[in-house]
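Since the structure is predicted, the reported quantities are computational estimates derived from the model, not experimental observations. Just the heavy atoms: all of them, side chains too, but no hydrogens, waters or symmetry mates, feed the values below. Lettering of chains follows the sequences in order, A, B, ..., and the numbering in each one begins at 1.
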There are 4 protein chains.
Amino acid sequence: MKETDGRSADARRRSESSRLAILESATDLVREVGYEKMTIEAIAARAGVGKQTIYRWWPSKGAVLFDSFVAMNEKGAELAALPDTGDIESDLKAVLAATADELNDPMYDVPMRALNTAISNDDTLAAQYAEWLETPMREVKRRRLQAAQDAGQLSPALDLDIAIDLIWGPLLNRWLQRSGPLNSTYTNGIVDSVLDGIRAR
Amino acid sequence: MKETDGRSADARRRSESSRLAILESATDLVREVGYEKMTIEAIAARAGVGKQTIYRWWPSKGAVLFDSFVAMNEKGAELAALPDTGDIESDLKAVLAATADELNDPMYDVPMRALNTAISNDDTLAAQYAEWLETPMREVKRRRLQAAQDAGQLSPALDLDIAIDLIWGPLLNRWLQRSGPLNSTYTNGIVDSVLDGIRAR
Amino acid sequence: MKETDGRSADARRRSESSRLAILESATDLVREVGYEKMTIEAIAARAGVGKQTIYRWWPSKGAVLFDSFVAMNEKGAELAALPDTGDIESDLKAVLAATADELNDPMYDVPMRALNTAISNDDTLAAQYAEWLETPMREVKRRRLQAAQDAGQLSPALDLDIAIDLIWGPLLNRWLQRSGPLNSTYTNGIVDSVLDGIRAR
Amino acid sequence: MKETDGRSADARRRSESSRLAILESATDLVREVGYEKMTIEAIAARAGVGKQTIYRWWPSKGAVLFDSFVAMNEKGAELAALPDTGDIESDLKAVLAATADELNDPMYDVPMRALNTAISNDDTLAAQYAEWLETPMREVKRRRLQAAQDAGQLSPALDLDIAIDLIWGPLLNRWLQRSGPLNSTYTNGIVDSVLDGIRAR
DNA sequence: TACTAACCGAGACGGTACGTCGGGTCTTACT
DNA sequence: AGTAAGACCCGACGTACCGTCTCGGTTAGTA
């Protein structure tokens, strides 16, 4: 995987059409049957490709899945910036509610859960995830928080990386552990508490 | 699973020694080879048990693994209460740092990651996890926060369930997604920010 | 293979119906596609059997094929004796002509050629062939020659094993090497020459 | 195969060094791993040649093997005549014993067995074998028998082709079917019986 | 002397089959 | 009835080769 850069050097002969067919098949299959029941054999069959063509370029089905996520995000052009109405509180509530909606939609839930399973059990994949998917997304979030901090809405001493974890971590954790419903009551509660703190004043 | 309660009627003839051998084998195996490579066949072989004995009492390897966790926690008797020195801030910092240490230890990391994988891909398991493992742990956490709230250290209007998510969610999420190091700098930062909020004042 | 005797001891649980289906599939397939293109996968599929069931009991496709021959010969009851009209010359000519006919018939030619390929490339198989198929057939031939010798039609000093090779060897060799047509002109010529010798008198 | 004759027109540009490397690799490989395990891929790799170069000039691995035999026999110049001491009986015994020795030597046994497997399963190859290898060898044998016949040692009415089959057939058949040891006791017995016949006199 | 076409090594490609592993079911014999 | 053992059908694994197909780079013969 990560065949999207240095590729020209060592893989000039690689078939681009096969690569795309494989990534698309993986995307479709993970949605249809889930991560554990998605097999390399099925990916190859659906893509009209020999199994060896998958094994030649990817070390595991997790890696194929990962690349299919990267490919999807590349097509989606530059990652959209978070909304900025000037009011960090309402913006965050809107973003978190939207995220919760997405996580409730099986269309997104199933593949993302699959990706998380893959990452959770493969260090290499986790590192690539960090570099190619998490970092850009974190950058987008950081930019919005930076703007709020610059505007004096967030504490000037605040470590924005911690802030990001604080805001999105609880939601993602509840999603992954299925430990409760994901709705705006919950997400609004998070934003309120995180912004103002939980200590009595 | 959790076959030790109401089901006692139809399982009077069940071999307790086989059940224990199976749970122990599962515990050992998940540590040695991880969740995905742990097979029911291997569990049965190591436990000196027929495969059918596993299939008779558990619906999936995730369920076996889950029961082995429940069994471990039962042996550890009543879940210890969180420390209460009267200072909620230092207590939380201590607890989170200890949790981080645990999550850094492969002895705990591997099986817990396995359990999370199992939960993430199985609603039934998630429900049982919530009932038998998460709820008690959450209760312990809630009791400490309740004490702090009663002592006037936490905001009186605070929803303690959200507070728990706020405090532990970021750490667990960073652990599961392997998105950064788990150390006391991080955990202290979380506690500080959560307690005081991130909004400029 | 050779599972037809001691079987009861170590394979009481073996499925007789699967065994028969496998042997029959092998017989059919070798006729339809030949030895080299007959695959274990196809045998299993046609027999409605898991591949493992073949691998469990036979070491190679040659071994399966061999057993299917043994099974066919068992069903054919006791090996028929060669005709004995009292005239060894005409009897041998009749038998050799019949054998030539058989070898010209693809129904027999293809599987027998397959069996020979298997034997030629596998010592173990050759030994089993010798014990289970060649020896009984040779015994039948020897009995007819013995009768002729007893009747004073063959040289009393003659080693019957050599005689058998002399009579059948040339025909079988021409068949295997495809070095000429198999017809009664040829077989009669063999019998004449072998009986009377080729030395000028 | 036998591509060195009429085809010269369209093969002027053919690389002779590649051709030789392929034939030599085939010879070596068949000795090392046997016919069934010899692959075109391995031949190409060992010869330092692209697979296409083999597929361009030969239709099957059997054809390559066959050509490697032809090449070996060409190097050995004109096929040596059989010894002629004037005594056909002792000459035949000597030749058959020498042949038996050769067939007992794995150096010769393995490749020749491979060639026979190839022939046995490929009509085209069998025809070419007949033309390029069997016919010349048969001619050599016929010449020696002709001399004996001319000298009055063999029956004047004898069909020499049948005689050749009678003399060499049993030995070759025993070799191919591995149905007994190849030694001079056996070969002498054949010669004696074939020369004098087996009929009582 | 350059042109150009075939040949060459290399190796990716869509496939088929390999021999193995494990899933979940079923049967046998023992407790 | 529950159990250890293990055969069974099945599906997938990851690998080896099949025969075909580019890809650049020689290497002849032709212009």
Side-chain angles (χ1 to χ4, degrees), chain A residues 10-19 21 36-45 47-57 59-61, chain B residues 10-19 21 36-45 47-61, chain C residues 10-19 21 37-45 47-57 59-61, chain D residues 10-19 21 37-45 47-61:
Chain A
D10 55 328
R12 266 166 305 187
R13 331 254 311 242
R14 179 165 185 185
S15 161
E16 181 66 5
S17 64
S18 293
R19 186 182 139 266
E36 301 206 310
K37 290 187 181 170
M38 175 180 74
T39 66
I40 292 202
E41 204 133 34
I43 297 173
V49 138
K51 278 200 288 180
Q52 201 60 346
T53 301
I54 297 182
Y55 284 110
R56 183 150 38 224
W57 301 107
S60 66
K61 75 172 173 178
Chain B
D10 46 326
R12 264 167 307 185
R13 323 186 63 150
R14 176 168 188 183
S15 160
E16 181 67 3
S17 66
S18 291
R19 186 182 140 268
E36 301 206 310
K37 291 187 182 170
M38 174 180 74
T39 67
I40 291 199
E41 214 141 43
I43 296 173
V49 138
K51 279 203 288 178
Q52 196 57 254
T53 302
I54 297 183
Y55 283 109
R56 184 151 34 224
W57 300 107
W58 290 274
S60 65
K61 77 171 173 179
Chain C
D10 55 330
R12 267 166 305 186
R13 332 257 308 246
R14 179 166 187 183
S15 161
E16 181 66 5
S17 64
S18 292
R19 186 182 139 266
K37 290 186 181 170
M38 175 179 74
T39 67
I40 292 201
E41 203 131 36
I43 297 173
V49 138
K51 278 198 288 178
Q52 201 60 259
T53 302
I54 298 183
Y55 285 110
R56 187 156 28 233
W57 301 108
S60 66
K61 75 171 174 180
Chain D
D10 48 327
R12 264 169 306 184
R13 324 185 62 150
R14 178 169 187 181
S15 160
E16 181 67 4
S17 65
S18 291
R19 185 181 141 269
K37 291 187 182 169
M38 174 179 74
T39 68
I40 291 200
E41 212 140 41
I43 296 174
V49 139
K51 281 203 288 178
Q52 196 58 257
T53 301
I54 297 182
Y55 283 110
R56 186 154 30 227
W57 302 108
W58 290 274
S60 67
K61 78 170 173 181

task: Please report, rounded to the nearest Å, how far the P atom of E:dG23 is from the CD atom of B:Glu36.
output: 13 Å
task: Using the test salt bridge (charged side-chain N to carboxylate O under 4.0 Å, His left out), find all partners of A:Glu36 that sit at least two apart in sequence or belong to another chain.
output: none
message: Strictly under 4.0 angstrom, non-hydrogen atoms only: write out the protein contact profile of nucleotides 14-19 of chain E, one letter per nucleotide from the 5' end, B, S or -.
response: BB-BBB
C:Ser18: side chain to side chain contact (heavy atoms under 4.5 Å, CB included) partners, not counting sequence neighbours: C:Ser15, C:Val49, C:Thr53
- prompt: OP1, OP2 of E:dC8 versus side-chain N and O of D:Trp57: anything below 4.0 Å?
  reply: yes
task: Whole angstrom is fine here: how far is it from CZ in D:Arg14 over to C1' in E:dG9?
output: 16 Å
field: Gap separating the CD1 atom of B:Ile40 from the CH2 atom of B:Trp58, nearest 0.5 angstrom
entry: 10.0 Å
- prompt: Between A:Ile43 (CD1) and F:dG14 (P), how many Å, whole number?
  reply: 11 Å
message: Base contacts versus sugar-phosphate-only contacts with protein, heavy atoms under 4.0 Å: please encode nucleotides 25-31 of chain F as B, S and - from 5' to 3'.
response: --BB---
statement: Applying salt bridge (charged side-chain N to carboxylate O under 4.0 Å, His left out) to D:Lys51 and not counting sequence neighbours gives D:Glu41
- prompt: C:Glu16 has an atom CD; how far is it from atom P of E:dT27, in whole Å?
  reply: 17 Å
message: Tell me whether the NZ or CZ atom of C:Arg13 lies within the 45° cone about the ring axis of C:Trp57 and under 6.0 Å from its centre.
response: no
task: State whether D:Trp58 places a side-chain N or O below 4.0 Å from either non-bridging phosphate oxygen (OP1 or OP2) of F:dG19.
output: no
message: Could you go through B:Thr39 and B:Lys61, starting from their C-alpha distance and side-chain angles, then the distance that decides it, and tell me whether this counts as side chain to side chain contact (heavy atoms under 4.5 Å, CB included)?
response: CA-CA 7 Å; B:Thr39 67; B:Lys61 77 171 173 179; over 6 Å; no
